[in-house]
Amino acid sequence: MAKIEITDLCKDFSVEGIKTVHAVKHATLTVNDGEVVVIIGPSGSGKSTLLRSVNKLEEPTSGSIRIDGIEVTDPKTDLRKIREEVGMVFQSFNLFPHLSVLDNITLAPRKVLKMDKKEADELGLSLLRRVGLEEKAKNRPTQLSGGQQQRVAIARALAMKPKAMLFDEPTSALDPEMIKEVLDVMLDLAKEGMTMLLVTHEMGFARAAADKIIFMDSGEIIETGSPQEIFTNPKNERTKSFLEHIL
Amino acid sequence: MEKEKLEEEIRTETIRKKVVSVDSAVLAAQKPQTITMTDGPLIPKKGEKHVLSSWRVTFIGAIVLLLGLIIFKPEPYRQIFLICIQGAPVTFQVTVFAIIGAVVIGTFTGLGSVSSHRWINMISGVYVELIRGIPLLVQLIFIYYALGRFLHLEGMVAAIIALSICFGAYMGEIVRAGIQAIPKGQTEAATALGMSKTQTFIHVILPQTVKVVLPAIGNEFISMLKDSSLVSQLALADILRKGREYISRTFLSLETMLIVALIYLILTLVLSRLVGLLEERLHKNNG
C-alpha cells in the first residue's frame, strides 16, 4: 500500500490569458498507508483540482506530491507507472461506451500490463463478482443504471491492482437510491485497508469510514481533523457554517 | 471602489466554478452529435416522418416523370436517356474512388488538426483553409492540369485525385469534430488507468469517433455524387458531359438537362436512403 504526501501545492488557472485564478493555494496534507482521507468543502473550493493533481491529470503550478517517496511532479518520473498504481474513480463514471462491461475492466490490464485475454477475463469477472455485477459482464455500460456504472468504474480501477485510490465525487451524479450501493463497495475497500483519498459530499460515509477529514474553501485547506473533531467540534467559523448548511 | 471589488470577487468566483467543477449533468446529457459539413443532413431517418414522406413524394414523382417521358414521348427523350445513362459508370467510379481518397486524406488531416505537434497542426490547418477558400471548380481544374503537366496522369486518375484533395479538407474537419466530440472524461479515464497517448487514441477515442463520423461521411458521399458532375469540365464522359455533348449536336438543351437532372435526382435519393438504412443497422448493432 502507499503513502501520499502533498506539500505546499499550488494550482493557478489562467483564464483567457488575462486573469489568474488560484484554484489551490499552498495545500499540505498526508495520506498514510491504509488511511482514508476525505476532502469536503463548497463547490469551487479546489477539492477536485487538488485530487486530480495527485495522478497529474492537473499539472500543479508549484509544490510537491510524493507517492511512496517518489516525486510525481519531477519531469523524470514515469507518470504511467504512477497512474498504474493510483486508481481513480470519476464523478461521471467515464466508462468506455463502445466496450462491454467486462472489456471496460480488462482493457487496461491487457494493454498496459500485457496480461493475456484469458487471465484478464478471469480477473475482470472476479472483480465484477466483488461489486455484485457478474451477470452484467456482457452488457454495454449504457444499459446499466448510474450506480451500477460507478461500481463497474471502481472495478475497472481495481483491475490495475492499485496501491491507492482517488475518488472524485463518486456519488454526486447518482440518484439518491443508488448512492448506497456505491458507498457499500467503497466501505468494503476501506475496510480492506486500501489507501483512499476522496472528495465527497456524503457526510455519512465520511463519518463512518474516514480517518481524517479535510475542509477546503477558496483553494485553501482550512481545517484538518478526525471525523469526530470536524463534525462535533469544528474550530474554524467557515467549517462550522459549511457544516450547518449541509447537515 | 468597494463595489468594483465586490464585482471582481463575483466574477472570479464564477470563473473558478467554470474552470474547476466538472458538470456531470451536462456530460450525461451529451448525446452523440451529428456533424454536417457541406450540405446539411441529406439522409432521412426513420423517426423523421415528414422527411421520409417528402422523400417518397420526390422519389415517386421523379420516377414517374422520367418513365412517363421515356414511354409517352420517346422522341427525343428515350434517346437522351440512353445516351446520358452511359455516363453513369464514370460518375460512379469517380464518386466511389474519390470518397475513399477523401476519407484517407481526411483522416490524416483530422488527426493533424488535433495533434499537439505544432508543425503538423499548422500544415493541416493551412491545407483546410486553402481548400475552403477556393471554389471547388477552380481547384478541380487547377489540380487536374497541374497533375497532368507534372505527373502525366490519365484524366480519370487526375480527376479522382483532384476531387479527393478537395473533399479531403472537409472530411478532415469532420474527423476533427468527431474526435473533439468525444468527452474529455474518456481520455482522462484512460490516462488514469496508465494507458499511453497512443493506446488511448487507438482503443478509446478512435472506435468512438468512427461511430460519430459515419453519418457525416454518408452525407459527403451523396454530396460527392452531385459534385462529381464538375468533372464534366475535365473532358471525362460522365452523365453531365454526355448530356452536353448531346446538346451540342441537337440543340435540345432544355429536354436534355431535364433528363440529366432527373437521373442525378433519382441516384441521390436512392443513395441517401441506402446510407440511411446502413446507418440504422449500425446503430442497432452497437446498441
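Lettering follows sequence order; numbering is per chain, from 1. What you are looking at is a predicted structure, and each value in this text was computed from that prediction instead of being measured.
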Check your understanding: In terms of heavy-atom pairs under 4.5 Å, which option from A:A159, A:G87, A:P109, A:A108 contacts chain B the most?
Key -> A:A108
Review point. Of all of A:L113, A:L166, A:L99, A:L95, which one pairs up most often with chain B through heavy atoms under 4.5 Å apart?
Key: A:L95
Review point. So, for A:R52 and B:E188, which heavy atoms are closest and what is the spacing to 0.1 Å?
Key: NH2-OE2, 2.7 Å
List the atom pairs, with distances to 0.1 Å, where a side-chain N or O of residues 94-107 of chain B and a protein N or O form a donor-acceptor pair under 3.5 Å, not counting sequence neighbours.
from	atom 1	to	atom 2	distance (Å)
B:T95	OG1	B:T91	O	2.6
B:T107	OG1	B:V103	O	2.6

Point to revise | Interatomic distance, B:M195 atom CE to A:E84 atom CD [nearest 0.5 angstrom] | key: 11.5 Å
Check your understanding: Between CD1 of B:I205 and NE2 of A:H98, what distance do you get to the nearest 0.5 Å?
Key -> 8.5 Å
Study note, to complete from the structure: Of all heavy-atom pairs linking B:L193 and A:V112, the shortest is O-CG2, 4.2 Å
Point to revise | Under 4.5 Å from any heavy atom of chain A - which part of B:T187 | key: neither
Exercise for review: May I have the step-by-step check of side-chain contact (heavy atoms from CB on, under 4.5 Å) for B:V204 and A:L107, ending in yes or no?
Suggested key: CA-CA 9 Å; B:V204 177; A:L107 181 68; 4.0 Å; yes
Practice item. Might you point out which heavy atoms bring B:G194 and A:R80 nearest each other, and give the distance in Å? Key: O-NE, 3.0 Å
Exercise for review: Check each atom of B:Q199 against the heavy atoms of chain A and say whether the ones under 4.5 Å are side chain, backbone, both or neither.
Suggested key: side chain
Review point. Taking side chain as C-beta onward, heavy atoms only, is A:K111 less than 4.5 Å from B:S196?
Key: no
Point to revise | Under 3.5 Å: donor-acceptor pair, side chain of A:R83, backbone of B:A192 | key: no
Review point. Considering residues, nucleotides and ligands other than A:K180, do more than 12 of their heavy atoms fall under 6.0 Å from its NZ?
Key: no
Practice item. Using a 4.5 Å cut-off on heavy atoms from C-beta on, say whether the side chain of A:L79 contacts that of B:T191. Key: no
Exercise for review: Identify which part of A:F96 has an atom lying under 4.5 Å from any heavy atom of chain B, answering side chain, backbone, both or neither.
Suggested key: both
Study note, to complete from the structure: A:N94 and B:A189 have their tightest heavy-atom pair at O-CB, 3.6 Å
Exercise for review: With a 4.5 angstrom heavy-atom cut-off, could you sort out which part of A:V89 is near chain B: side chain, backbone, both or neither?
Suggested key: neither
Check your understanding: Is it the case that more than 12 heavy atoms not belonging to B:F201 sit under 6.0 Å from its CZ atom?
Key -> yes
